[in-house]
Asker: 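Here it is, the structure, as C-alpha cells.
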Amino acid sequence: ELARATAFGQRIELLAHAVKPPICGLLTLRLRLVFSQYLLCRQHNSAIMLLFAHGALDGSARALLRPVMESSLRCEWLLMIATGKQLERIAEHDDYAWQSLEKMAKLLDHLQKEDFRVHAVETDTTYIHSFTHGGSQAILRNISPTGIVGLVPNRAEAAAVIRKAALLLAGAGISVARRLRQYEAGQRLSEYANQPWN
C-alpha cells in the first residue's frame, strides 16, 4: 500500500511539473506569487515521500501535510481571488494575515464547482494542525504501551498522508493549468488524480 501511494505521489509530482509559468514576457506579480506558492506545494509533497522513505522521520513527514494544504489553497487563492492590494501586501510584508484554510476552501469551492476539488471534504483540520505543532496526534505516535519511543512506522497511515498530499498538489495544479489554458497538462493531471483507488 505504501509503495503504491508513493508511486502515485511521484506520478502526481511529475504531472504537476508540467504546469509551468507562461514563457512569453515578464510574469505579473500575481503569477510570480502563484508559481512560487505552487513550487512550495511541490517541494513539501516531495519531502513527505522522501521522509517516509527514510523510515525514521515519520513525524516530520506528517507535519508537512498542513503546509501542503496551505500552499495548495494559497496558490489557488492567489490566482483566483486575491486583489491587487492583497498581492502587494503579501509581496512586501511577511506579517500578512492569510485567511483561514476553511474560508479559502469555501471561497474556492464556490468559484469552481465543476473542477476536481479535494478541499471541500477537509472540514476538520484539527488533526493536521496537531501533527504540525507537535500536539497529541504527533506525540502519541511516538509512544508505545511500554513507553518506548521510535516505533515501527505505520505504513497504512504513511500511505494515506502521501496520497492526501498528492491530491492537494493535484488540485492546485489542475486549477492553475485551467486558468492559464494549459488544458493538456490539466487534463492529464485530473485524469490521473481521479482514477479509482482500489
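Only heavy atoms go into these numbers, but all of them, side chains included; no hydrogens, no water, no symmetry mates.
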Asker: Determine yes or no for a side-chain-to-main-chain donor-acceptor pair under 3.5 angstrom, with Ser71 supplying the side chain and Val68 the backbone.
Answerer: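 Present.
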
Asker: Give, for atom CG of Leu169 and atom CD1 of Ile12, the distance between the pair rounded to the nearest 0.5 Å.
Answerer: 7.0 Å

Asker: Which heavy atom of Ala63 sits nearest to which heavy atom of Pro67, and what is that distance?
Answerer: O-CD, 3.1 Å

Asker: Tell me, do Ile90 and Leu78 make a side-chain contact under 4.5 Å, heavy atoms counted?
Answerer: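 Yes. Closest side-chain heavy atoms under 4.5 Å.
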
Asker: To the closest 0.5 Å, what do you measure between CG (Asn45) and CG (Leu64)?
Answerer: 10.0 Å

Asker: Just wondering, are more than 12 heavy atoms of other shown residues or ligands nearer than 6.0 Å to CD in Glu92?
Answerer: yes

Asker: Count I, L, V, M, F, W, Y as connected when their side-chain heavy atoms are under 4.5 Å apart, and connections chain through other members. Are Leu40 and Leu87 then in the same cluster?
Answerer: no

Asker: Under 3.5 Å, is there a donor-acceptor pair between the Glu191 and Gln195 side chains?
Answerer: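 Gln195 and Glu191 do not have a side-chain donor-acceptor pair below 3.5 Å.
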
Asker: Which pairs, with at least one residue in residues 43-64 and sequence neighbours excluded, count as a ring-ring contact (aromatic ring centres under 6.0 Å, His included)?
Answerer: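 Sorted pair list comes back empty.
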
Asker: Is a side-chain donor or acceptor of Glu88 paired with a backbone partner of Lys85 at a separation under 3.5 angstrom?
Answerer: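 Answer holds: no.
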
Asker: Mind checking salt bridge (Lys or Arg N to Asp or Glu O under 4.0 Å) for Arg74 and listing every partner two or more places apart, or none if nothing turns up?
Answerer: none

Asker: Given the rule that I, L, V, M, F, W and Y join up when any side-chain heavy atoms are under 4.5 Å apart, are Val34 and Ile81 in one cluster?
Answerer: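 Yes.
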
Asker: Ser175 and Met80: which non-hydrogen atoms are nearest, and at how many Å?
Answerer: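 Closest approach of Ser175 to Met80, heavy atoms only: CB-CE, 4.0 Å.
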
Asker: Measuring from Tyr183:OH to Arg178:CZ, what's the distance to the nearest 0.5 Å?
Answerer: 9.5 Å

Asker: Let me see the working for Phe35 and Leu180 under side-chain contact (heavy atoms from CB on, under 4.5 Å), right down to the final yes or no.
Answerer: CA-CA 12 Å; Phe35 278 95; Leu180 297 182; 3.5 Å; yes

Asker: Taking the basic N atoms (NZ, or NE/NH1/NH2) and the acidic carboxylate oxygens, is any pair closer than 4.0 Å for Arg62 and Glu157?
Answerer: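 Yes, this pair counts.
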
Asker: Output the distance between atom CG (Leu31) and atom CG (Leu79), rounded to the nearest 0.5 Å.
Answerer: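 Interatomic distance, Leu31 CG to Leu79 CG, rounded to 0.5 Å: 7.0 Å.
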
Asker: Donor-acceptor pair, Ser72 side chain versus Leu168 backbone, under 3.5 Å?
Answerer: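 Confirmed, Ser72 side chain pairs with Leu168 backbone.
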
Asker: Write out all pairs satisfying ring-ring contact (aromatic ring centres under 6.0 Å, His included) with one or both partners inside residues 65-92, taking only residues at least two apart or from two chains.
Answerer: Trp77-Trp98

Asker: Distance from Asp58 atom CG to Leu51 atom CG, nearest 0.5 Å?
Answerer: 9.0 Å

Asker: Output the distance between atom NZ (Lys103) and atom CG (Leu108), rounded to the nearest 0.5 Å.
Answerer: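 Result: 12.0 Å between the selected atoms.
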
Asker: Within the 4.5 Å heavy-atom criterion, are Leu27 and Pro22 side-chain neighbours or not?
Answerer: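 Yes, at least one pair of side-chain atoms sits under 4.5 Å.
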
Asker: Enumerate the residue pairs fulfilling side-chain hydrogen bond (donor to acceptor under 3.5 Å, both in side chains) with a member in residues 19-38, sequence neighbours excluded, ordered by first and then second residue.
Answerer: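 Qualifying pairs, neighbours excluded: His17-Lys20.
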
Asker: Does the ring of Phe8 carry Arg163 above it, NZ/CZ under 6.0 angstrom from centre and within 45° of its axis?
Answerer: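 Relative to the ring axis of Phe8, which defines the angle, Arg163 lies inside both limits.
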
Asker: Could you work out, with salt bridge (Lys or Arg N to Asp or Glu O under 4.0 Å) as the rule, every residue matching Arg188, not counting sequence neighbours?
Answerer: none

Asker: Is a salt bridge present between Glu1 and Arg155, judged by a nitrogen-to-oxygen distance below 4.0 Å?
Answerer: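 Answer for the salt bridge query: no.
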
Asker: If a pair satisfies ring-ring contact (aromatic ring centres under 6.0 Å, His included) and one of its residues is in residues 157-182, list it, with sequence neighbours excluded.
Answerer: none

Asker: If you look at every heavy atom in Val19 and Gly173, which pair is closest and at what distance?
Answerer: CG2-O, 3.8 Å

Asker: Taking all non-hydrogen atoms of both residues into account, name the closest pair between Gly186 and Ile174 and its distance.
Answerer: O-CG1, 4.0 Å

Asker: Taking all atoms of both residues into account, what is the closest heavy-atom pair of Cys75 and Val176, and its distance?
Answerer: SG-CG2, 3.7 Å

